[in-house]
Amino acid sequence: MADISTRDLGPADHDAFHSVLKASFLDAESDEARERSRAEFGHARSLGAFDGDELIGGCAALDRTLIVPGATGVPVAAVTNVGVAPGHRRRGVLRALMREQLRGLRGRAPIAALYASEGGIYGRFGYGPATQQVRLAVPRGARFRPDVAIDERPVREVGLDRGLAAVAEHHPAIAADRVGWFTRHDEPWRLRTVEAPGRGGQGPVRCAVHPGGYALYRAEHGWGLRGPSYALHVTELAAETPQAYAALVRYLLDVDLVAEVRWSHAAVDEPVLAMLADPRQALREVTDGIWVRLVDLPAALTSRRYPMAGPVDAVLDVTDAVCPWNAGRWRLRIADGVAEVTRSEAAPSVALDVADLGAVHLGGTTLGELGRAGRIAEHSPGALQQLSRAFAGDRPPHCPEQF
Ligand SMILES: CC(=O)SCCNC(=O)CCNC(=O)[C@H](O)C(C)(C)COP(=O)(O)OP(=O)(O)OC[C@H]1O[C@@H](n2cnc3c(N)ncnc32)[C@H](O)[C@@H]1OP(=O)(O)O
């Protein structure tokens, strides 16, 4: 590692960074992908690792706003594009990048969030899995329960411009109380989610709009001996009322040629699950969603609310091997759902790692379940249960967006 250095990347570094990322993910390079990447690079803060003059690894962070418990939008560093060239791995390059990135994020965002390519990587850097997502598949024509009300106003297929106008119209109101959703004002989302070519045989993004919401989806063609067996892949389906949601799902479930409608980022409590007459028609696979890291512990814990909490006065003894400014004892007082966090010398109520606080930050994972796994030491009887309730949310957090 002695010969490895890190520094911020500027526009002149883009092409080398892009090549490292493509090599890291075993992707082919193309002019189109490079130009899309250049546009996104302009919105990100990117960091490179160099072996001499050669760029051999990097990572990036986008300045975004995330809805956290209490329905507050807080700044978050959305970490993405992490890669180390295949010939330079397992020599500590990622470790150097993560340390430097987190040092640089201090003072800019109280938390960082990312999707992990592999589940074994990021816990050691203080990230904890904070949301879950569901891969969901529902067969064409699956019937709704008779009591499901559908807003009968029509769903229409529209072009991308009108589809994005519908997103702009509906998304702010829908996202406002959805913990784990990003606010949507930004080009990176459009570049990554809408304009990127479909993977695995999926076509371009199509838009279906309803007066109360929208569906963005991609079609994957398929023809079998018994006839067509297309799949529709939902990129994002959001509606302001259950009736408008039902109208959009019904529309997708009834498209001709299609065998199955699939979500890759559905919520654990995706409403369609409770709408089906036969819930077994929905096949589900649950995976981790976004991982959260407290960059600045007191700023993070005070930037969210604790709607489920009674009064709390506890001392947390926190380990943080990567960001030493978070480590040590913190007194957490919560009153009326609002937290105050100060340094403390008092005896700890519980001892835990900063990654555990990241995991519970959005109110999905609970301190109780981490405690039952032996990850949290309780020094004051009852403290763990009290804190577990305080951090919990009333609905599973969910991030519908890949970044
Ligand atoms: C947010 C995102 O963008 S996620 C995308 C991450 N990128 C990828 O998956 C692309 C393919 N992989 C890579 O580019 C690289 O293998 C990386 C970035 C995952 C790791 O880079 P490296 O420089 O090899 O990691 P580094 O040597 O710093 O390892 C640090 C630690 O992580 C561990 N580690 C590294 N990669 C992995 C892995 N894939 N699974 C489990 N542990 C891992 C190392 O063993 C080491 O452990 P230690 O703390 O016990 O010593």
Side-chain angles (χ1 to χ4, degrees), residues 1-7 9 14 16-29 33 36-37 40-41 43-52 54-64 66 76-105 109 111-131 133 180 182 188-189 191-193 196 199 264-265 287-295 319-324 353-355 358-359 361-362 399 401-403:
M1 264 303 287
D3 46 350
I4 302 294
S5 59
T6 59
R7 68 163 169 81
L9 299 180
H14 170 265
F17 184 43
H18 180 67
S19 294
V20 166
L21 288 174
K22 286 292 173 193
S24 299
F25 286 92
L26 308 175
D27 276 341
E29 292 203 43
R36 225 185 12 262
S37 155
E40 186 180 273
F41 185 80
H43 297 277
R45 294 164 197 267
S46 303
L47 187 66
F50 291 81
D51 183 350
E54 187 192 358
L55 182 65
I56 47 96
C59 59
L62 296 157
D63 294 327
R64 302 287 306 268
L66 185 73
V76 57
V79 172
T80 182
N81 286 346
V82 178
V84 171
H88 289 78
R89 290 186 181 156
R90 304 305 182 271
R91 293 165 54 199
V93 175
L94 176 64
R95 177 170 293 285
L97 285 165
M98 289 287 106
R99 274 187 187 281
E100 189 55 24
Q101 185 181 53
L102 286 163
R103 205 184 55 75
L105 289 176
I111 58 172
L114 55 74
Y115 280 99
S117 58
E118 296 190 62
I121 302 176
Y122 289 100
R124 61 172 51 74
F125 302 123
Y127 287 85
T131 70
Q133 62 194 27
F182 289 96
W189 169 73
L191 289 165
R192 180 73 68 116
T193 311
R199 287 182 171 249
S264 59
H265 283 67
T287 63
D288 50 295
I290 56 173
W291 294 54
V292 168
R293 214 261 185 231
L294 274 51
V295 176
T319 50
D320 190 334
V322 181
C323 301
D353 190 72
V354 73
H361 193 68
L362 299 181
C399 183
E401 182 180 331
Q402 188 71 44
F403 57 88

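Both backbone and side-chain heavy atoms feed into the values below; hydrogens, waters and symmetry mates do not. Start at 1 and go down the list; that is how both ligands and their atoms are numbered.
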Next item on the list: Name the option, out of F25, F403, Y122, that contains the heavy atom nearest to atom 4 (S) of ligand 1.
Entry: Y122

Checklist line | From the candidates L94, I290, L97, N81, the one that places a heavy atom nearest atom 20 (C) of ligand 1 | finding: L94

Next item on the list: Heavy atoms only: give me the nearest L94-V84 pair and the separation to one decimal.
Entry: N-CG2, 4.1 Å

Next item on the list: Name the option, out of A116, A23, S117, G58, that contains the heavy atom nearest to atom 9 (O) of ligand 1.
Entry: S117

Note to self: Using a 4.0 Å cut-off to any heavy atom of G83, which atoms of ligand 1 qualify?
What the structure shows: 14 (O)

Next item on the list: Would you mind running through ligand 1 and noting each atom that sits below 4.0 Å from a heavy atom of G92?
Entry: 26 (P), 27 (O), 28 (O)

Check: Can you tell me the protein heavy atom closest to atom 19 (C) of ligand 1 and the distance?
Finding: I121 CD1, 3.6 Å

Next item on the list: Identify the protein heavy atom lying closest to atom 14 (O) of ligand 1, giving its residue, its atom name and the separation to 0.1 Å.
Entry: V84 N, 2.9 Å

Item checked: E54 backbone acceptor or donor facing D51 side chain under 3.5 Å -> no

Checklist line | Numbered atoms of ligand 1 (with element) below 4.0 Å of E118, judged on heavy atoms | finding: 39 (N)

Item checked: Exercise: identify the closest heavy-atom pair between H88 and V93 -> O-CG2, 3.8 Å

Item checked: Pair E401 + R64: basic N to acidic O under 4.0 Å -> yes

Note to self: Can you see whether T6 engages R99 through a side-chain donor-acceptor pair at a distance of less than 3.5 angstrom?
What the structure shows: no

Next item on the list: Out of R90, R95, R89, indicate the one that has the non-hydrogen atom closest to atom 44 (C) of ligand 1.
Entry: R90

Next item on the list: Output the distance between atom CD (Q101) and atom CZ (R293), rounded to the nearest 0.5 Å.
Entry: 11.0 Å

Next item on the list: Output the distance between atom CG (D3) and atom CZ (F50), rounded to the nearest 0.5 Å.
Entry: 13.5 Å

Checklist line | Non-hydrogen protein atom less than 4.0 angstrom from atom 16 (O) of ligand 1 | finding: yes

Notebook entry, point to check: About how many Å separate CG of L9 and CZ of F41, when rounded to the nearest 0.5 Å?
Noted result: 5.0 Å

Checklist line | Any N/O pair V82/ligand 1 closer than 3.5 Å | finding: yes

Checklist line | Heavy-atom nearest neighbour in the protein, as seen from atom 43 (C) of ligand 1, with distance rounded to 0.1 Å | finding: R124 NH1, 4.0 Å

Next item on the list: Output the list of atoms in ligand 1 that are nearer than 4.0 Å to some heavy atom of G120, sorted by atom number.
Entry: 41 (C), 42 (N)

Margin query: Under a 4.0 angstrom heavy-atom cut-off, which atoms of ligand 1 come close to Y115?
Written below: 1 (C), 2 (C), 4 (S)

Item checked: Per-atom contacts of ligand 1 with V93, taking only distances under 4.0 Å to non-hydrogen atoms -> 23 (O), 28 (O)

Check: Which atom names give the shortest non-hydrogen contact between A112 and Y127, and what distance separates them?
Finding: CB-OH, 3.6 Å

Check: Closest non-hydrogen protein atom to atom 30 (C) of ligand 1, residue and atom name please, with distance?
Finding: F125 CZ, 4.1 Å

Check: What about the rings of H265 and Y115, do their centers lie closer together than 6.0 Å?
Finding: yes

